[in-house]
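Okay, structure first, notes after.
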Amino acid sequence: MAVTADFLAKVKMALRVSFNNLDSQITDLIEEAILDLTATADIKPFTTSDADALQTGAVISYVSWKWFNEDRYFTAYNDMKEKMALSGAYRSVMIDEE
């Protein structure tokens, strides 16, 4: 999966990183976040070019958690992941509700 330059710039801004020598490491964390969302919460796969605000926020929270090793970011990430998992707009598997 390719991470767009615009999405990478948003994440770098959130991390307060201005130099480019860490782009590869940050890109890997972005891809890891998207894979975690789709694999652990049955969320539809998405790309960085079509990510909405909730998806972007979740990815930024995940990367921030990995980058800063602070639990508050993990809590925020899990909250957003749960919201997406419960929303029909993001679910990859639809459950028949009677």
Side-chain angles (χ1 to χ4, degrees):
M1 112 185 40
V3 175
T4 64
D6 288 342
F7 197 90
L8 178 61
K10 286 180 188 180
V11 175
K12 286 174 65 174
M13 184 179 296
L15 298 175
R16 294 176 174 83
V17 172
S18 59
F19 36 90
N20 296 329
N21 63 335
L22 298 172
D23 285 2
S24 177
Q25 184 178 358
I26 295 168
T27 297
D28 289 346
L29 290 173
I30 292 168
E31 291 174 351
E32 183 179 321
I34 293 171
L35 288 173
D36 185 73
L37 286 168
T38 58
T40 63
D42 289 327
I43 294 168
K44 293 177 195 171
F46 62 94
T47 64
T48 57
S49 62
D50 65 5
D52 64 19
L54 186 57
Q55 292 164 327
T56 300
V59 170
I60 289 173
S61 295
Y62 182 92
V63 172
S64 297
W65 166 57
K66 292 286 194 159
W67 195 260
F68 298 115
N69 197 26
E70 291 187 24
D71 288 339
R72 64 188 172 124
Y73 295 114
F74 187 64
T75 301
Y77 169 72
N78 278 327
D79 181 54
M80 288 182 255
K81 181 168 76 168
E82 182 180 340
K83 284 178 176 50
M84 286 189 278
L86 294 173
S87 171
Y90 297 98
R91 290 189 60 94
S92 64
V93 177
M94 298 305 293
I95 301 171
D96 288 332
E97 295 180 10
E98 297 180 35

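These numbers were taken from a predicted model, which means no experiment stands behind them.
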Between [atom1] of [X] and [atom2] of [Y], what distance do you get to the nearest 0.5 Å?
X	Y	atom1	atom2	value
Asn21	Ile26	CG	CD1	9.0 Å
Glu70	Ser61	CD	OG	12.0 Å
Thr75	Met80	OG1	CE	10.5 Å

Among Tyr62, Trp67, Phe68, whose ring pair (Phe, Tyr, Trp, His ring centres under 6.0 Å) with Tyr73 holds?
->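 Filter result, single survivor: Phe68.
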Determine the minimum heavy-atom distance between [X] and [Y], stating which atoms define it.
X	Y	value
Ala33	Tyr77	O-OH, 3.9 Å
Lys66	Leu29	CB-CD2, 3.8 Å
Ala58	Met84	CB-CE, 3.6 Å
Asp23	Lys12	OD1-NZ, 2.8 Å
Ala85	Arg91	O-NH1, 2.7 Å
Val63	Ile30	CG2-N, 3.8 Å

Would a 4.5 Å heavy-atom cut-off, applied to side chains only, mark [X] and [Y] as touching?
X	Y	result
Ile34	Thr48	yes
Phe46	Leu37	yes
Trp65	Asn78	no
Gln55	Asp52	yes

Short side-chain to backbone donor-acceptor contact, Thr40 and Asp36, under 3.5 Å |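 Looks like yes, one N/O pair under 3.5 Å.
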Sole residue of Thr56, Thr47, Thr27 in side chain to side chain contact (heavy atoms under 4.5 Å, CB included) with Phe7 =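 Only match with Phe7 under side chain to side chain contact (heavy atoms under 4.5 Å, CB included): Thr56.
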Lys/Arg-Asp/Glu bridge criterion (N-O < 4.0 Å) met for Asp6, Lys10 =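 No, no charged N to carboxylate O under 4.0 Å.
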Joint hydrophobic cluster, Met13 plus Leu54, side-chain heavy atoms closer than 4.5 Å |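 Different clusters.
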